[in-house]
**Student:** 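Here's a structure for you.
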Amino acid sequence: MVSVKCRYCDRPAVTIVRYAKLNLCTEHFSEFIESRVEETIKRYRMIKKGDRVVLAVSGGKDSVGLMYIMNSLSKRIGFSYTVLHIDLGIDEYSRRSRKVVEKHCRELGIDCIVIDLGIDLGFTLPQFVSKLRTKRVCSLCGIVKRYIMNAVALETKADSIATAHHADDILVYLFKNFILQDYTFLKKLVPVSIGVEETVATKIRPMYEIYERDIALYTILKGLEFVDLECPFKNVKGFEESIKKFIDEIENRAPGTKISMLRKYAKTFSLDRQEKSIDLGRCSICGLISQKDVCTFCKLTEKAFGQAKGSLVKEITRSRCTTYCVKPHLN
Ligand code: AMP
Ligand code: ZN
Ligand code: ZN
């Protein structure tokens with residue numbers, strides 16, 4: 001059998017990128033993905049020369065891959081970044097995730113801020129769940145992670161916080177919230193959410209236009225270690241699975257549809273159209289952004305443990321960040 005050659009060299013192709021009509025070898029595929037992320041960063045003006053970025057890394061295939069992509073782009077674009085890992089205290093799953101993230105940070109020589117829920121805040125995610133007797137574990141976990149990411153980005157005075165959400169993640173949320181007609185959430189699914197000084201950090205999604213399949217392949221072809229354990233709390237909903245199948249079917253018939261949908265969506269809710277969060281108030285306990293007098297994180301931690309933990313997150317982050325990440329700008 002004659003193998004298909006790479007478009008750019010004589011090596012055999014390892015994959016076909018259908019939306020770009022390209023057969024690529026391992027090396028050219030990696031270059032292709034890195035330059036696609038670079039184009040995404042530039043298209044949506046996510047990062048500029050001299051910026052300091054906090055990158056949230058869970059240890060899964062997406063965020064581990066993005067860590068390495070950011071490593072090569074940081075030199076090309078001229079920004080610096082620090083990794084943030086949140087150890088949720090979910091048994092073996094969290095132990096392995098943390099180990100993997102710390103190992104990659106050591107190998108790349110990148111500062112790593114670890115916030116350990118159990119040690120730093122006095123509770124693990126499973127303890128939080130059982131105190132609140134909630135079944136909505138993923139949404140509680142999301143509240144904790146978003147709160148910590150925001151606090152760390154603000155305390156380190158970073159220009160932005162990056163997550164490894166990819167095109168497929170975002171499209172599923174987009175369709176789901178459209179079906180549920182939840183426009184508040186829908187408006188947040190943009191490549192860049194501009195922050196407000198001292199209360200909410202700017203959020204960026206450098207993999208806004210990268211497919212799940214491609215970032216998985218990138219991480220695997222690079223031979224990078226990642227955690228492939230499912231979170232034991234993960235509860236895959238039939239609803240989301242159906243949306244995913246539906247979007248994949250459309251993509252199959254017309255490769256590139258996912259990207260054009262996301263581009264049009266980003267244009268509709270482009271930067272100048274984003275509602276400024278300035279009108280939102282601050283939490284009377286921790287001072288971070290809140291729609292009500294007390295933010296959800298402070299309210300829930302107070303309910304579960306008799307003490308709102310927002311200010312503690314701030315203190316911990318502050319003490320950790322002076323040693324780790326306040327770096328001079330590069331220019
Ligand atoms: P998820 O909410 O699990 O879908 O994750 C979305 C993104 O949040 C990931 O791509 C990471 O960038 C970030 N993230 C998730 N879990 C963690 C964690 N434990 N520590 C740091 N970042 C995380
Ligand atoms: Zn090649
Ligand atoms: Zn608060």
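Keep in mind the model is a prediction, meaning the values are calculated, not measured. In each ligand, atom 1 is the first atom listed, and ligand 1 is the first ligand listed. Quick note: residue numbers are just sequence positions, from 1.
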**Student:** Answer yes or no: is there an ion pair linking Glu241 with Lys245, defined by an N-O contact shorter than 4.0 Å?
**Tutor:** no
**Student:** What angle, to the nearest 10°, do the atoms ND1 (His28) and SG (Cys9) form about the Zn ion (ligand 2)?
**Tutor:**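 Vertex at the Zn ion (ligand 2): approximately 110°.
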**Student:** In plain terms, say whether Lys48 and Asp51 are close enough for a salt bridge, that is, a side-chain N and a carboxylate O under 4.0 Å apart.
**Tutor:**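 Counted as a salt bridge, because a side-chain N and a carboxylate O are separated by less than 4.0 Å.
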**Student:** Identify the closest protein heavy atom to atom 13 (C) of ligand 1: which residue and atom is it, and at what distance?
**Tutor:**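 Result for atom 13 (C) of ligand 1: Met149 CE, 3.7 Å.
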**Student:** Taking Glu251 first and then Arg18, would you say they form a salt bridge - that is, a charged N and a carboxylate O separated by under 4.0 Å?
**Tutor:**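 Salt bridge: no.
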**Student:** Please list the nearest protein heavy atom to atom 20 (N) of ligand 1 with its residue and the distance rounded to 0.1 Å.
**Tutor:** Ile86 N, 2.9 Å
**Student:** Is the contact between Asp169 and ligand 1 made by the side chain, the backbone, both, or neither, using heavy atoms and a 4.0 Å cut-off?
**Tutor:** neither
**Student:** Distance to the ring centre below 6.0 angstrom and angle to the axis at most 45 degrees; does that hold for Lys258 and Tyr211?
**Tutor:** yes
**Student:** Say whether Asp62 and ligand 1 are in contact under the criterion: heavy-atom distance to a ligand atom below 4.0 Å.
**Tutor:**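 Contact absent.
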**Student:** What atoms of ligand 1 come closer than 4.0 angstrom to any heavy atom of Leu84?
**Tutor:** 21 (C)
**Student:** Among all protein heavy atoms, pick the one closest to atom 6 (C) of ligand 1 and tell me residue, atom and distance.
**Tutor:** His165 NE2, 3.3 Å
**Student:** Please indicate whether Arg136 has more than 12 foreign heavy atoms, meaning atoms of other residues, nucleotides or ligands, lying under 6.0 Å from its CZ.
**Tutor:** no
**Student:** Considering only protein heavy atoms, which is closest to atom 4 (O) of ligand 1, and at what distance to one decimal place?
**Tutor:**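 Looking at atom 4 (O) of ligand 1, the protein heavy atom closest to it is Tyr173 OH, 4.2 Å.
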**Student:** How many degrees, to 10°, between Cys286 SG and Cys298 SG as seen from the Zn ion (ligand 3)?
**Tutor:**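 Result: 110°, to 10°.
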**Student:** With a 4.0 Å heavy-atom cut-off (strictly under), which part of Asp87 contacts ligand 1: side chain, backbone, both or neither?
**Tutor:** neither
**Student:** Kindly say whether Phe32 contributes a backbone atom to a donor-acceptor pair with the side chain of Ser35 at under 3.5 angstrom?
**Tutor:**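 Confirmed, Ser35 side chain pairs with Phe32 backbone.
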**Student:** More than 12 heavy atoms of other residues, nucleotides or ligands under 6.0 Å from CZ of Phe178: is that the case?
**Tutor:**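 Open: at most 12 neighbouring heavy atoms sit under 6.0 Å from CZ of Phe178.
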**Student:** Only heavy atoms of His85, strictly under 4.0 Å: list the atoms of ligand 1 that pass.
**Tutor:**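 Every atom of ligand 1 under 4.0 Å from some heavy atom of His85: 20 (N), 21 (C).
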**Student:** Does Lys309 count as lying over the ring of Phe305, i.e. NZ or CZ under 6.0 Å from the six-ring centre, within 45 degrees of the axis?
**Tutor:**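 Yes, Lys309 lies over the aromatic ring of Phe305.
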**Student:** Could you check atom 11 (C) of ligand 1 against the protein and tell me its nearest heavy-atom contact, residue, atom and distance included?
**Tutor:**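 Minimum-distance protein heavy atom for atom 11 (C) of ligand 1 reads Ala56 O, 3.4 Å.
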**Student:** Can you report which non-hydrogen protein atom sits closest to atom 3 (O) of ligand 1, along with the distance?
**Tutor:**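 In this structure, atom 3 (O) of ligand 1 has Lys145 NZ, 3.3 Å as its nearest protein heavy atom.
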**Student:** Could you check Glu38, Glu31, Glu39 and say which one makes a salt bridge (charged side-chain N to carboxylate O under 4.0 Å, His left out) with Arg76?
**Tutor:** Glu38
**Student:** For atom 23 (C) of ligand 1, what's the nearest protein heavy-atom neighbour? Residue, atom name and distance, please.
**Tutor:**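 The closest heavy atom on the protein side is Ser58 CB, 3.8 Å.
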**Student:** Looking at Lys244 and Glu240, is there a salt bridge between them, counting it only when a charged N and a carboxylate O are closer than 4.0 Å?
**Tutor:** no
**Student:** If you have a sec, work out which protein heavy atom is nearest atom 9 (C) of ligand 1 and how many Å separate them, to one decimal?
**Tutor:**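 For atom 9 (C) of ligand 1, the nearest protein heavy atom is Ala164 N, 4.0 Å.
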